[in-house]
Amino acid sequence: MVERYDVLIVGAGQGGAQAAAVLRQQEFAGTVAIVGDEPDAPYERPALSKEYLAGEKPFEKMLLRPPAFWADKKIDLRLGRRVVEVDAGAHRVRLDDGASIEWGKLVWATGGAPRRLVCSGHDLRGVHTVRSRGDVDRLRGELAATSRVVVIGGGYIGLEAAAVLSKLGKHVTVLEALDRVLARVAGEPLSRFFEAEQRAHGVDVRLGTTVACIEERAGAASGVRLASGDVLAADMVIVGIGITPAVEPLILAGATGAEGGVLVDFQGKTSLPHVYAIGDVASHENVHCRGELVRLESIQNANDQAAVVAKTIAGKTDRYEAMPTFWSNQWDLRLQTVGLSRGHDETVVRGSIEQKKFSLVYFREGKPIALDCVNAMKDYVQGKALIASGRTFDPAAVARAELKSLLG
Ligand code: FAD
């Protein structure tokens with residue numbers, strides 16, 4: 001007999017866990033299961049490139065809910081199993097062990113797989129990605145025998161990993177193909193600030209640098225050959241070049257794709273009836289970005305989209321319009337971002353870059369649309385209100401005055 005759940009959630013990560021929890025908060029009484037291909041109960045990923053990598057946080061403290069929560073709330077966790085096929089017409093998925101599960105509603109919350117290098121040596125021992133607990137456990141298992149690390153990719157995950165590994169006494173080089181780190185997500189002043197901080201902590205940051213291949217010795221990575229022909233010796237290579245959203249079974253089932261993920265509306269509905277998608281996979285029109293299609297990779301987005309979908313399934317009315325937020329930690333630097341800077345036409349800096357307490361404010365047509373706040377919690381809180389007001393402000397005043405005072 002084929003099993004059936006009223007709601008089947010695929011992906012036991014941030015969004016999947018939150019969707020199930022909110023369903024029960026909403027007193028949804030139907031049967032609920034989460035299928036996840038990792039062996040662990042849902043856990044928070046941000047610590048993977050921060051405290052967990054540093055050995056400062058035990059895995060148990062990263063669990064999103066206490067172990068007893070799932071049984072208490074009658075949420076079945078089907079771990080270590082991967083959904084390989086979706087039949088949207090028959091309301092059925094097939095798992096990698098051949099079993100089938102039927103569903104009333106399907107919530108697709110599968111996140112993404114780290115993009116890998118395509119050059120020779122990409123799969124050698126010593127070449128790592130940082131997406132799952134398994135990835136980081138493997139990496140940490142090799143740390144004692146590692147002195148030189150090359151991080152490929154100057155995004156947040158690459159920079160966070162570089163910060164932790166330099167703190168652990170490793171010699172770290174960061175390779176970035178573009179002419180500044182964080183180029184895809186931040187304005188130039190923030191990129192230059194983090195570049196300088198990395199260098200001040202002894203990290204060798206190389207911009208405009210592309211990789212030709214990974215060099216091998218005795219079956220393991222021994223270095224990174226650059227397009228210039230130079231070779232950087234390395235016992236470990238960390239690849240942080242983004243993710244590919246894990247949407248293939250859903251797209252093959254007929255869901256409309258967008259931005260590399262799957263298209264959803266303001267309730268998280270895909271183009272397939274009774275099928276929802278949330279988190280890193282969900283391309284959506286974002287009201288904080290002039291309704292442009294975006295796919296956000298953040299805890300806020302996964303949690304808030306999950307809540308909207310769970311409420312919708314529970315028969316409530318909701319719409320995904322949450323203000324985007326994100327954070328990143330490197331050494332004593334706490335970055336908090338709010339809003340979306342895409343399409344900005346002006347920036348100003350508030351506070352002091354030298355004192356490592358400042359905010360970069362992004363404007364579009366005179367309206368503040370995003371802030372990147374470094375060690376500036378107050379700006380982050382008040383900046384949110386500034387963006388939410390939807391008003392225009394004089395950038396010079398925003399650079400100087402207390403933000404609260406501008407709101408009147
Ligand atoms: P995930 O949490 O990735 O969960 C998806 C789950 O589905 C995974 O377990 C995956 O293995 C599983 N899965 C995939 N395909 C299948 C399948 N076919 N069948 C079954 N299971 C499947 N965000 C922030 O806001 N701040 C941060 O500081 C921050 N730091 C981060 C650091 C790291 C190292 C990483 C990797 C991410 C970080 N993020 C951060 C991003 C944030 O963790 C993600 O945006 C968030 O986890 C997305 O949630 P999700 O539910 O979409 O996907």
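Read the numbers this way: they start at 1 and go in the same order the structure lists the ligands and their atoms. Excluded from the calculations below are hydrogen atoms, water molecules and symmetry mates; all remaining heavy atoms, backbone and side chain alike, are included.
Residue Thr325 places no N or O, backbone or side chain, under 3.5 Å from any N or O of ligand 1. Considering both main-chain and side-chain atoms, Glu160 never comes within under 3.5 Å of ligand 1 through any nitrogen or oxygen pair. For ligand 1, the polar-atom distance check finds an N/O of Lys50 within less than 3.5 Å of one of the ligand's N/O atoms.
Pairs of residues two or more places apart, or lying in two chains, that qualify as side chain to side chain donor-acceptor pair (under 3.5 Å) and include a residue from residues 258-278 are Lys105-His274, Thr256-Ser271. Residues in residues 134-155 take part in these salt bridge (charged side-chain N to carboxylate O under 4.0 Å, His left out) pairs, two or more places apart or across chains: Arg133-Asp137, Asp135-Arg138.
Comparing heavy-atom distances from atom 49 (O) of ligand 1 across Arg131, Gln14, Arg295 singles out Gln14 as nearest. Nearest-heavy-atom check against atom 17 (C) of ligand 1 across Leu64, Val281, Ile299, Val83 picks out Val83. Summarising the contacts of atom 12 (C) of ligand 1 with Ile157, Val84, Asp37, Ile34, the nearest heavy atom is found in Asp37.
When atom types are taken as modelled, the side chain of Ser166 and the backbone of Val203 share no donor-acceptor pair closer than 3.5 angstrom. Of the possible donor and acceptor atoms, none in the side chain of His122 sits under 3.5 Å from a partner among the backbone N and O of Val118.
Residue contacts with ligand 1 for Glu38 involve side-chain atoms from C-beta outward but no N, CA, C or O (heavy atoms, distance under 4.0 Å).
Geometrically, Arg45 engages Tyr43 in a cation-pi contact defined by less than 6.0 Å to the ring centre and at most 45° from the axis.
Residue Val130 approaches ligand 1 through these ligand atoms, each under 4.0 Å from one of its heavy atoms: 34 (C), 36 (C). Every atom of ligand 1 with a heavy atom of Ser298 under 4.0 Å away is listed here by number and element: 23 (N), 25 (O), 45 (O).
At a cut-off of 3.5 Å, with distance as the only test, a side-chain donor of Gln198 or Gln330 sits close to an acceptor on the other residue.
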